[in-house]
There are 2 protein chains.
Amino acid sequence: MVSQSAPNGTSRERLLAAAAAEFAARGFDGAKVDRIAARARINKAMLYYHFHSKAALYRDILRQMFGTVAGAVTAVHAQGGPADVQLRRFIEAIARAAEGSPHFPAMWLREIAEGGRHLDESIVLEMRRVIEILGRILHAGRRAGIFGPVNPFVTQIGIVAPLMFFSASAPIRERFRHLVPARVVAPRREEIVAHVQATTLAALAAPRTRAGAPSRSRRPPTRRQRS
Amino acid sequence: MVSQSAPNGTSRERLLAAAAAEFAARGFDGAKVDRIAARARINKAMLYYHFHSKAALYRDILRQMFGTVAGAVTAVHAQGGPADVQLRRFIEAIARAAEGSPHFPAMWLREIAEGGRHLDESIVLEMRRVIEILGRILHAGRRAGIFGPVNPFVTQIGIVAPLMFFSASAPIRERFRHLVPARVVAPRREEIVAHVQATTLAALAAPRTRAGAPSRSRRPPTRRQRS
DNA sequence: GTCTATATTTTGATAGAC
DNA sequence: GTCTATCAAAATATAGAC
């Protein structure tokens, strides 16, 4: 697991690892090619020998990361099984991918905030593969009668956001550890995954009625928040 | 209300609005003081008249944003009521804060990825106020017998992450609208809030099984809130 | 493939007039 | 409070030797 200083591999591999770390920690503009090169123990000119530009390097890293995730969830779906089991595995696969490339969550969060300015179509298509798989799992579950109807994108956000948030926030939690209770800063990884699995399946288990027609008590009837 | 080009208010107000937009869209390093000044229709020197540095400007904006959220959830808690109702309002309040200052979600996502490098203690203390309120609500619900035991931080992530993800991803969804089905890019805001409320309460309604046993036998509870 | 030097722009910040 | 002019440092990218 090459992570911080990327001490192993070819110069190109070290470069990719160093750049991922730098982009994740400082963002596209905050990442400096000098620092990336130094971290990879290569010269700055070598960076431009391997990649056309800083942006191209960035895109290659992100494309590879999303490709890995897409591959993982595709494998999950190909494995088959009941829809709820597939969904659990889908969630697990995404969590695993976040661990496998530890700089992925931070880069994803940043790219969202960035409005996708550095994404090209090929990268977005990898992202689309992921949500397509989720859509199929949800559809299968619906036909099997174990899932209610939901918007796949809403479900996707409910899954991905907490997982990425949790992974990416490890440094900030560590940094301000002294200001918050210990249990708060250090939930176990399995706790998050289990929580996401439980909440996602709970939302799917209850058959959703069409908009605004609570045939069964959809909300607590006592209080209606907001007016 | 003032959002993009901040055409109104004093020069200081325009500056703050322009800076928030710029920091949200480009990040701390990507934001350029020249652009901020131009956007606020002031001179760059005016920026340094009002703020000691780019970093100080950034921190003031973030502190104000977190302060607003903390104030909103504090008001929710002070209002009292059953714990489940308070929790719904807590979630609603955070969603509302994200709408009230539309650049808040992107800045938050970035700051997490950044490892909190630009945060000072006063900002983190505002963040802590939020999770403390949540902790109290969860505790009250537990004592009332309507919530099971949970890690407040896990719950907090499950609430905040989807809400911030959704708000911050509006630009990227718009940008790549042509690559994904229409319904996927445009879920309604209420859909997300309702989803977060439903999933969070579902996770709390079920008494937790013992740690680390998310085996497939565990069925998601049917959604049922008491009132 | 790898490196040293350097060109060219951009950028955060300030001085000082009004 | 507001502006013009400007500096000094930093940053992306390239040229060209080995």
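Naming: A, B, ... by sequence-line order, numbering from 1 per chain. The shown structure was predicted, so the numbers you read here are calculated from the model rather than taken from an experiment.
Running 5' to 3' along DNA chain C, contacts with non-hydrogen atoms of chain A at under 4.0 Å begin and end at dG1(C) to dT4(C).
The distance between atom NZ of Lys44(B) and atom P of dC7(D), rounded to the nearest whole Å, is 13 Å.
Looking at residues 45-53 of chain A, you'll see Ala45(A), Met46(A), Tyr49(A), His50(A) sit with a heavy atom under 4.0 Å from some atom of DNA chain C. Contacts between residues 24-36 of chain A and DNA chain D, defined by a heavy-atom separation under 4.0 Å, are made by Ala31(A), Lys32(A), Val33(A), Asp34(A). Within residues 54-65 of chain A, no residue has any heavy atom closer than 4.0 Å to DNA chain C.
By the neighbour-count criterion of 12 heavy atoms within 6.0 Å, atom NE2 of His52(B) is sparsely surrounded, having that number or fewer from other residues, nucleotides or ligands.
The residues Arg110(A) and Glu114(A) are annotated as not salt-bridged, no charged nitrogen and carboxylate oxygen being separated by less than 4.0 angstrom. Salt bridge annotation for Arg129(B)-Glu126(B): present, with a cationic side-chain nitrogen under 4.0 angstrom from a carboxylate oxygen. With salt bridges taken as basic N to acidic carboxylate O contacts below 4.0 Å, one links Arg189(A) and Glu92(A). Between Glu174(B) and Arg177(B) a salt bridge is recorded (basic side-chain N to carboxylate O distance below 4.0 Å). Glu22(A) has a carboxylate O that lies under 4.0 Å from a charged side-chain N of Arg39(A), or vice versa, which qualifies the two as a salt bridge.
Here the two rings, on Tyr58(B) and Phe51(B), have centers that are 6.0 Å apart or farther.
Taking the side chain to side chain donor-acceptor pair (under 3.5 Å) definition, one finds that Gln86(A) meets it with nothing, sequence neighbours left out.
Residues in residues 120-139 of chain A take part in no ring pair (Phe, Tyr, Trp, His ring centres under 6.0 Å) pair, two or more places apart or across chains.
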Pair Leu201(A)-Phe147(A), side chain to side chain contact (heavy atoms under 4.5 Å, CB included): steps then yes or no: CA-CA 8 Å; Leu201(A) 284 168; Phe147(A) 290 166; 3.9 Å; yes

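Each of Leu62(A), Ile61(A), Thr68(A), Asp60(A) was evaluated against Gln64(A); a single residue qualifies, Thr68(A), per the side chain to side chain contact (heavy atoms under 4.5 Å, CB included) test.
No donor-acceptor pair closer than 3.5 Å links the side chain of Ser101(A) to the backbone N or O of Phe104(A).
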